[in-house]
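Single-structure report; data block below.
Residue numbers start from 1 in every chain, and the chains themselves are labelled A, B, ... in the order their sequence lines are given, proteins ahead of strands.
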Amino acid sequence: MRRATQDLLIGAVFSALSALLSKALFLDTGATRAPDSGQALPAPTWPALADSPPRVASYSLEAKLDSERHRISGREKIHLLNRSNAALNELWFHLYLNAFKNDKTLFLRSPFGAGRSGDKAKEYGYVDVKRLIISGGDGRDLWPTRDRHSPDDPDDETDLRLPLPSPLEPGQTLDLELEFEDQLPELVERTGYVGSFHFVGQWFPKLARLEPNGVWSHFSFHPQSEFYADFGDYDVALDVPSAFQVGATGSKVSESRAQGRTLLRYHADAVHDFAWTAWDRFETRSELIAGTRVQVLYPPHQQRNAEAELDSVRFALPHFNARYGAYPYPNLTLVHPPEAAANAGGMEYPQLITTGGPWYSTFGGAHFIDVVTTHELGHQWFFGLLASNEHAEPFLDEGINSYAEAEALESRYGSASVYGAFGLSVSSSALNRLFSAARGEDERIAQGAADFATFRSLGALVYSRTATVLETLARVYGRQRFNHALGVYTRRFRFEHPTTADFLGVMRDELDREAAATLSLALSERGTVDYLVREISNAPLSAAAGVFDGPGGREQKKPEAPHPTLEYASRVVVYRHGSLQFPVQIELRFEDGTKQTRHWDGSGFTFNVDNVGPSPLESVNVDPEQRILLDDDRSNNWASTRDSAAPHFRERALYAAQLLLGAVGP
Amino acid sequence: MSRLDRLAPPAAATVLLWISRTLFGLLVSYPVFLAVQASSMTAGPDGDAGLFQPGSLLLLELLRLSGPWLLGAARLALLLLGLSALFELVPFAMALDMLRLPIRPLRQRFQRAMRLFPSFFSLGAIALLGQAGILLAASLLGAALRPALASVDERLRTLAPLSLIGLGLIACGAFGGALDIARATLVRRAAHDDGEGGARAALARALFCLRQRPLQVLVGLYPSVAGSALSVLAAAWLLTRFVSQNSSGRALALTFGLHQLATLFALAWRVRWLGTALELSAESD
C-alpha cells in the first residue's frame, strides 16, 4: 500500500510538472525578424489624408427580421449623385442574394463547388424587389422595366439593368425608393442562417459602381469573386426579436424595445457596404483600442477566443494605423460565428469583420485566431478605405492585405507568426511561399477573380504569391523603404478606388523603377525566378608550362606538380532561370574556414564567381539570407564539395523513432 | 557475469532497453533519413541545420520538393516500426528476466527470451486486438453521441467524445498493465522452468489480478505513463530554453544528450513498473 501511495504521489508530481511545461512550451514564441537590407530611413513624410470620400450612392434602409422563416422585409432609399462625366441612361443593380436562388445561378451551378467554402446551398435564398419608384416622380413602378436576367446569362439574376425614364446628367441627383423581401439561404458563404444565427451580408438591392467615365462596373456574382461599390452614407434601421443581440456596420445611434421586438438604428458615414448579424446566443465584449470602440460578439464559452481576438486588435490596429494611416471610424465590430456557421467566418465588411475557429483555437501553439483577425482587420484598409475592384483585380485587396497581415504578425510573433510551440516555429512568409512556389507559372496574378481556373489557383496566386512577391521586394529593397512606399499608396488613395496602375505607379515613384518593373512582371506576366548553382571547380595553380617566346629566345617549361603551398583557382557558375531579376548575394566558404560574399545584380543569366586564394572553395550559397522568397527552388541554391551526413535530421529522426517505439512497442 | 550484471538490476534492464530502442530507432528512421539526405536540401554549407531554422522555410521547402519520396520512406518506416516493435519483445523479455534473476549470462537470458517469444507475441497480439476494440468502441460511442449533443454548446460537443476516448485510453492502459503482469508471470515461470500453462493461462491470471487489484495496477502504471510525458516535455522545454538552434556541433551534442536522457528517464520508470508487475504477479499466485 505504501508503494501505491508513493506511485500516486510521483505520478501526480510528474503530471503537475508536465502541465507546467506544456503551458510554457505552447506559449513559447521564439522571435527572429526577416532580414532587411535597407538602411534606416528618417521619419517618414506622408501624403495628407483625405477626410472623407466623395459620396456617390447613399442608402437609407429599414429591415425587419423574421427569425423563424429567416426572411427580411425591407425598404430602401437610394440617393445617387452622378459624379461621372457622362449622362446616365440606365442603372445597374447587384442582387447578390439571388446567387443562392437555385442550382443554375452562376454562383451555384459549378459541379465542383468552385466557391470559397466549396459548399452548396441546402436551403435556397433570394431577394424579391417588390417596387421601385423615383422619389418625387409620378409614382410609377419602374422595376417591371428591368432586364430579367444578368447579361448573356438567362439563369442568373444577380446583375440587372434598369433603364431610366430620362437621362441623369453629370452633377444631377436621383432618389429612388424600393421595397424588397429577402429569403436568406442556409449559410452558404458569408450570408444566411444556421438555426437562430443570422449573418446578413449582400442583402439589399445595391447599385453597381459608377466609374468616372459614366460606365457602370457591374458583374454577375461569381463564386470566386467579391465586391465593388461606391462610397456613401448608410442609415439603417433594424427590427429584430428582443432576445437577439445585433452587430452591424457603423455606430448604433438608437435602440428601443416594444412588443417583443428591438428597433436599432445604425449610421455609417463614408463606407461602401453594410452588413449585420443577429443571434440570440451572442455574448459580447467591448473595449476602446487606439481611439476606436471595438466590440466582439462571440458564442457562449468562447471567452478565450474573444480575448485572443481583442488581443490581436490591440496589436494590429495601432500597427496598421501607423503603417497605412489612421482608421477613420469610431467603431469596429468583430463577429465570431458559432462552429455550425463557420462559413460566415473570415470575411470583411466596412467596420465589421468576421473571424472564426473552434473553441480550442487558442490551444496548442497555432496562431489561427491571430491570423484570421489580423487578416480581416487589414481589409479595413485594403478593401474598406482603398475600395479597389475586387472582382477585376482581387490581388489589390487580398494580395496586398496578405502581405500586411504577414508583416503585422511577424512584427508581433517573429518567426512563429503562424505556429510556435514545442521548439517548432512556422512563419507566415514561409507558409505563403510554400503555397505560392508550386503555382508561379499557372496563371497571371493580376487578373479577374472569375478568370482563375479554380479557387485553389486564385488562393495560391492572389493571396500567397502576391504576399510572397511583396515580401521579396521588402527583403531585397529594404523593408523600411517598401513599407514606406506601401504607406504612401494607402494614404494617397484613401477613400478612392485604386487600380493596378496606381499601385505600380507609387512603387515606381517611392521604391525603385527596377523594382516596379519586376513587380509588374511578377503580377502580370507570370514572372518567376530561380537562382541555382550546379557545381564547384577547384584547381591548384602551378607555374605556367609550355613553349614561351621571350626576348631571350624560345623557352620551354615543363609542367610541375602543384605545391601544397600554392594557391587555388576556384570557380562557381550561378545561373538565373526565369524572367524576374533581383540583385543577390553569393556566399563562398573555403576549406580553411574563411568566407567571402559576392554581389550579383541579377542581370544576365549566368554569373561566374572566380577566386584565387590559398584555400580551395568548399561551398557556395546563393542568397544565404533568404531574401528572394520567390526563388522557385531553394534546394539548388547551394553546392558543396563535402557530402552532408545530415546529423541534425538523423538525431531528430532517431528520437522520433524512439518515441514511436515507446508508444507502440512493449 | 555480463557487464550489465555489474549494474543494479533495474539500471541494467534500463540500459538494455535503451540500447535496443536506440538500435531499433536507427533502423526505423533510416528510410526517412535516406530520403532527406537524397534531397538537395541538406547539401548546403550548413548541411541540414537550415531545416531547423526558426520559421521553417527550408523545412517546408523540403516537404514541398520531396513530399512523394518522404511519403514512400515514411510508409517503409512504418513497416519497420511494426517489425521493430515485434522484435523488441526479445530485449523486453531479457529486461524482465534481469529484474527477476539478477546475475545470469546474457546468452542464457537471450535463449530464455527466445523461448518466450511465441508466448509474448501471442500476448501482444491479444493486447493489440483488445486495445483496438476498446478504442473502436469508444469512438463509435462518441459518434453515436454526436446527434444527441447537437443542441449543447460547442465545447461539450467536442469534449464528450474526447472524454470517451480518454476513458478508452485508460482502459487500454489497464489492459496493457495486465499484459505486463502476464509477461512477468511467464518470465517468473520460465525462470523456475515451470511449464505450467502458456500465454493464455498467464493472461487469465493477469486479468484476475487486474480484477482483484485494479487500483494497484493503474497506480503502479501511473508514474511510468506520466514519466514518459514529462520526459518528452522536459527535453523540449530545455532545448527551447537553453540550446540555441544553430548548426554547431555543441548544440547538436546537447540536443542528442537531452533526447537520450529523456528516453532513458522514460525507460527507467517503465522498468520500475515492470518490477511492480513482477511483484503483483508473484502476489497473485
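- One distance of note links CG of B:L57 with CG of A:L431; it measures 10.5 Å at 0.5 Å rounding.
- Remark: A:L21 CG to B:T240 OG1 distance equals 9.0 Å, nearest 0.5 Å.
- A:D7 contributes no side-chain N or O that, together with a main-chain N or O of B:P223, makes up a donor-acceptor pair within less than 3.5 Å.
- Without hydrogens or angle criteria, B:S56 side chain to A:S425 main chain gives a donor-acceptor distance under 3.5 Å.
- Between A:D633 atom CG and B:M41 atom CE the span is 8.0 Å, to the nearest 0.5 Å.
- We find the CG-NE2 distance between B:D46 and A:H648 to be 8.5 Å, quoted to the nearest 0.5 Å.
- Heavy atoms of A:V620 lying under 4.5 Å from chain B belong exclusively to its backbone.
- Only the side chain of A:Y360 comes within contact range of chain B, with at least one heavy atom under 4.5 Å from a heavy atom of that chain.
- In this structure, no portion of A:E618 lies under 4.5 Å from any heavy atom of chain B.
- For A:D632, the part sitting under 4.5 Å from any heavy atom of chain B is the backbone (N, CA, C, O) and nothing else.
- In this structure, OG in B:S20 is found 9.5 Å from CD in A:Q658, a value given to the nearest 0.5 Å.
- Proximity to chain B involves both the backbone and the side chain of A:S427, based on heavy atoms less than 4.5 angstrom apart.
- Side chains of B:L156 and A:W359 form no contact here, defined as non-hydrogen atoms less than 4.5 Å apart.
- Contacts of A:P624 with chain B are absent, with no heavy-atom separation under 4.5 Å from either backbone or side chain.
- Every residue meeting the salt bridge (Lys or Arg N to Asp or Glu O under 4.0 Å) condition with A:R439, not counting sequence neighbours, appears here in chain and number order: A:D442.
- The contact between A:R589 and chain B is made entirely by side chain atoms (from C-beta outward), counting heavy-atom distances below 4.5 Å.
- Neither the backbone nor the side chain of A:A19 comes within contact range of chain B, judged by heavy atoms closer than 4.5 Å.
- Using cut-offs of 30° and 60° on the angle between ring planes, the pair B:F265 and A:F14 is tilted.
- The line from CZ of A:F649 to OG1 of B:T42 is 10.0 Å long, rounded to the nearest 0.5 Å.
- Scanning for side chain to side chain contact (heavy atoms under 4.5 Å, CB included) contacts around B:Q131 gives B:C172, B:F175, with sequence neighbours left out.
- Looking only at atom types and distance, the side chain of B:Y222 has a donor-acceptor partner in the side chain of A:S15 under 3.5 Å away.
- Under 3.5 Å, the side chains of B:T255 and A:E651 contain no donor-acceptor pair of N or O atoms.
- For a residue to count as touching a neighbouring chain, one of its non-hydrogen atoms must lie under 4.5 Å from one of that chain's; by this rule A:L629 touches chain B with the side chain only.
- A donor-acceptor contact shorter than 3.5 Å links the side chain of B:E61 to the backbone of A:R634.
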